[in-house]
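What follows is a single structure, written as structure tokens, with notes after it.
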Amino acid sequence: MLAQLKQLVSHDQIRPIDYQFARFIYSLHQDNLLALTSALVSYQLGQGHVCLALGVISENELFGQNSEVSQQLIATTGVSIKHWAEHLRSLPTVGSGREVTPLVLDNHRLYLYRYWDYEQHVAGFLKEKQSIDVDTHTTSLILNRLFRRNYAFLWDQCKITDTEHAAQAMLIKWLDIEEPDPLPWPQIHQCLHQAKKPDDLKPLNKLIPQSHCLNWQKIAVTLAASQSFSIISGGPGTGKTTTVIRLLALLIELGINDNNCPNIQLIAPTGKAAARLTESISGAKDKLDCSDNVKAEIPVKATTLHRLLGVIPKSNNFRHNKNNRLHLDILVVDEASMIDLPMMSRLVEALPNHARLILLGDRDQLASVEAGSVLGDICAAAHGGYSQKNIQLIEEVTGFNLSHYAMAKAKAINNSLCLLQKSYRFDDSSGIANLANAVNTGNRKAIERTLKKGFTDIALHGSDEKEYQAMINLCSKGYQHYISLINKGACDRDILNAFNRFQLLCALREGPFGVTGLNESIRKALIASNTIKGDQIWYEGKPVLITRNDHELNLYNGDIGITLTANDGRFSVVFEMPDGTLKRLLPSRLPEHETVFAMTIHKSQGSEFEHTVIALPDSFNPIITRELLYTGITRAKKKLDIFCEKTLLLSTINTPTQRTSGLKERLQ
């Protein structure tokens, strides 16, 4: 068996670490099936899976190989697949988790012990979290104020609607109307027509009562206020940050009333995501309808997960752990889909028992780079509806009718999830939103309709040589704006902001459609147009992406900086830190990095760009999945160009990412 596995390594069909792990386990107990399954568990981890699901193994594609190779491996074990679990259970190196063994077999899933322990720990933590009693009357009063209708905003919207149909669509969108048909629309239109100032729209309070509306943000705040663990998930523009800042205002006001103001921390997995959260919270804070005392207690500076836990240099451990808990009452985690299982386990281990944990993220985005799909697994376990008790609570606090969402046999985890289902950034006229929804649901016909409809914010191009050059030219023009600011002597912050308006994303690392090839092609195009002088390794305007964490420098994988000329005439790279400050470093001091005219879609998570260009390869590649494409599309705010053959785009939606774990079942 070891010889066969070694041959797979020599052909780059499995990783050397997969073989070495199998070799180590085999040295503990000489068994061919044990060696094979050990290599498979390690291989699965490399593919992002937490474990090896014995019940769904295909005898024709072990390690992604063909049936001949797979069946030869199985034959060498001397055990048929249907008896693998029984055989493994009899071996001393495979345990049930009650004792420490290299491998754990649990519910027909084979784990490395530490990953089984991670999964157990996260599931145990979430199942222990309890509901929290809330004063429904006080909570309702506060939320009605925080979610009070903004008639000044509606007044401005009325000015740009030129028909009754457009006015009705505007009200349905911004007042969250769920049942428009029974409403007295002639009287509503008369109110709009006669209004001379924002206050003249207040009769809409009676004409459009709350019973005809359904604001999922308000529901999410109510749910999260009543749970010690909650998830607020939704696509782009659904208002996850808007929701959480109102939740924090509610919890702070309730805390102040009880003379127990909570200590709140905001975090995100990457520096870029933390900076975005900081910017969003800062921008929304002053718009809240609450006292200055409450606003003063809302934190505006987010940090990274690593900084919160406290990195110990040259160690895999953190300063904060089960023996040294974090000092906080509420923890808000943005972009939670990026957090892998080991990191989530370490995070919940460091939380004090009384703390609230609030996860924000899009459950349909790409899962974490490392093993696990924690947010997706939790959302899958929690999906389905709410308990009758929670339905009653929501209805008492919000006045909304949620009877359709009652679940007869709801588990505790069901009451933790709220999906924000309405995008306030995009509407039916948005090609970006239509395409994202069609890809996310795997709806081939909807994709075809969207591409044919003539939306002005999206464009699909081919990938032949002519289109490839058109893409390079488009990117060359897209990056000229930030470089022109450099030439004009603009301030560092404006230059960084300008660079972040445009970005080329791709799926691969190598080749003409990968990061390496695209970065080089764009650099050459910018030189040819005299935009940059990029004939040296370092040049003014060179954008840099950090690819390895450096805890001492406080730079982390995914951080982006721009090369600028310092006062002393030397080049330095400027980064915006999560707290909004700027950091300058000499190129020689940078940790591992690469040029970032192009970045992978994986690296773009936690970011948004006004204009996004996506380059997919000119032939099928298994790395291109539905979630990858959806994540790339949803990075775009105003304009999206995709360079890809339509046949490849359509085939991508048929390959959703499926990661193997037992977390969903443990939570249910």
Heavy-atom pair with the smallest gap, counting every atom of [X] and [Y]:
X	Y	value
Leu73	Leu36	O-CD2, 4.1 Å
Thr600	Leu508	CG2-O, 3.9 Å
Pro591	Leu555	CD-CD1, 4.1 Å
Ser42	Asp18	OG-OD1, 2.6 Å
Ala123	Arg666	CB-CB, 3.8 Å
Ile614	Gly632	CD1-C, 3.4 Å

For the residue pair [X] and [Y], establish whether any side-chain heavy-atom pair is separated by less than 4.5 Å.
X	Y	answer
Leu34	Leu103	yes
Phe63	Val69	no
Ile633	Leu640	yes
Ser337	Gln605	yes
Leu663	Val50	no
His602	Leu628	yes
Phe597	Leu504	no
Leu359	Ile339	no

Among Leu649, Thr634, Ile447, find the residue that satisfies the side-chain contact (heavy atoms from CB on, under 4.5 Å) test when tested with Val439.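 Option passing the side-chain contact (heavy atoms from CB on, under 4.5 Å) with Val439: Ile447.
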
Can you name the residues that form a ring pair (Phe, Tyr, Trp, His ring centres under 6.0 Å) with Tyr118, not counting sequence neighbours?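 Result, ring pair (Phe, Tyr, Trp, His ring centres under 6.0 Å) vs Tyr118: Tyr115.
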
Please name all residues satisfying ring pair (Phe, Tyr, Trp, His ring centres under 6.0 Å) with Phe318, sequence neighbours left out, ordered by chain then number.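 Phe318 satisfies ring pair (Phe, Tyr, Trp, His ring centres under 6.0 Å) with His306 once adjacent residues are dropped.
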
Using a 3.5 Å distance criterion without hydrogens, assess whether the side chain of [X] forms a donor-acceptor pair with backbone atoms of [Y].
X	Y	answer
Thr516	Glu510	no
Arg325	Leu351	yes
Ser233	Arg363	yes
Tyr386	Leu417	yes
Thr77	Ile74	yes
Ser604	Ile601	yes
Thr450	Ala446	yes
Arg319	Val311	yes
Gln130	Glu128	yes
Asn414	Lys411	yes

Measuring from [X]:[atom1] to [Y]:[atom2], what's the distance to the nearest 0.5 Å?
X	Y	atom1	atom2	answer
Glu665	Glu119	CD	CD	8.5 Å
Asn440	Asp364	CG	CG	4.0 Å
Leu518	Cys506	CG	SG	5.5 Å
Lys127	Leu667	NZ	CG	7.0 Å
Trp84	Leu40	CH2	CG	6.0 Å
His121	Trp116	NE2	CH2	12.0 Å

What I want to check is whether the side chains of [X] and [Y] have a donor and an acceptor closer together than 3.5 Å.
X	Y	answer
Asn32	Thr76	no
Gln13	Gln65	yes
Tyr468	Asp618	no

By salt bridge (Lys or Arg N to Asp or Glu O under 4.0 Å) - contacts of Glu61 (at least two apart):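 Once residues adjacent in sequence are excluded, Glu61 has no partner under the salt bridge (Lys or Arg N to Asp or Glu O under 4.0 Å) criterion.
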
Salt bridge between Arg509 and Glu594, side-chain N to carboxylate O under 4.0 Å?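 Salt bridge present between Arg509 and Glu594.
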
Quick test of your reading of the model: are Arg523 and Glu520 salt-bridged, counting only N-O distances below 4.0 Å?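 Salt bridge between Arg523 and Glu520, a charged N being under 4.0 Å from a carboxylate O: yes.
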
For a side chain to side chain contact (heavy atoms under 4.5 Å, CB included) check, start with the C-alpha distance between Val544 and Asp559, then their side-chain angles and the critical distance, and finish with the verdict. CA-CA 8 Å; Val544 169; Asp559 289 349; over 6 Å; no

Could you work out, with side chain to side chain contact (heavy atoms under 4.5 Å, CB included) as the rule, every residue matching Asn107, not counting sequence neighbours?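 With neighbours one apart ignored, the set is Arg109.
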
Determine whether Gln72 and Gln4 satisfy the following criterion, side chain to side chain contact (heavy atoms under 4.5 Å, CB included), listing intermediate values before the conclusion. CA-CA 9 Å; Gln72 285 176 355; Gln4 289 172 279; 4.0 Å; yes

Test log, rule side chain to side chain contact (heavy atoms under 4.5 Å, CB included), inputs Ser463 and Phe513: CA-CA 9 Å; Ser463 58; Phe513 290 92; 4.0 Å; yes

Counting heavy atoms not belonging to [X], are there more than 12 under 6.0 Å from its [atom1]?
X	atom1	value
Glu99	CD	yes
Gln30	CD	yes
Arg15	CZ	yes
Ile312	CD1	yes

Solution key, residues 367-383 side-chain donor-acceptor pairs under 3.5 Å, sequence neighbours excluded:
| residue | atom | partner | partner atom | Å |
| --- | --- | --- | --- | --- |
| Ser368 | OG | Glu370 | O | 2.9 |
| Ser368 | OG | Gly372 | O | 3.1 |
| Asp377 | OD2 | Ser661 | OG | 2.7 |

Could you tabulate the donor-acceptor pairs under 3.5 Å formed by side-chain atoms of residues 86-93, not counting sequence neighbours?
| residue | atom | partner | partner atom | Å |
| --- | --- | --- | --- | --- |
| His87 | NE2 | Asp31 | OD1 | 3.4 |
| His87 | NE2 | Asp31 | OD2 | 2.8 |
| Ser90 | OG | His87 | O | 2.5 |

I'd like to know whether Lys6 forms a side chain to side chain contact (heavy atoms under 4.5 Å, CB included) with Arg23, so could you lay out the CA-CA distance, the side-chain angles of the two residues, the decisive distance to 0.1 Å, and finally the verdict. CA-CA 10 Å; Lys6 191 172 185 179; Arg23 184 182 175 196; over 6 Å; no

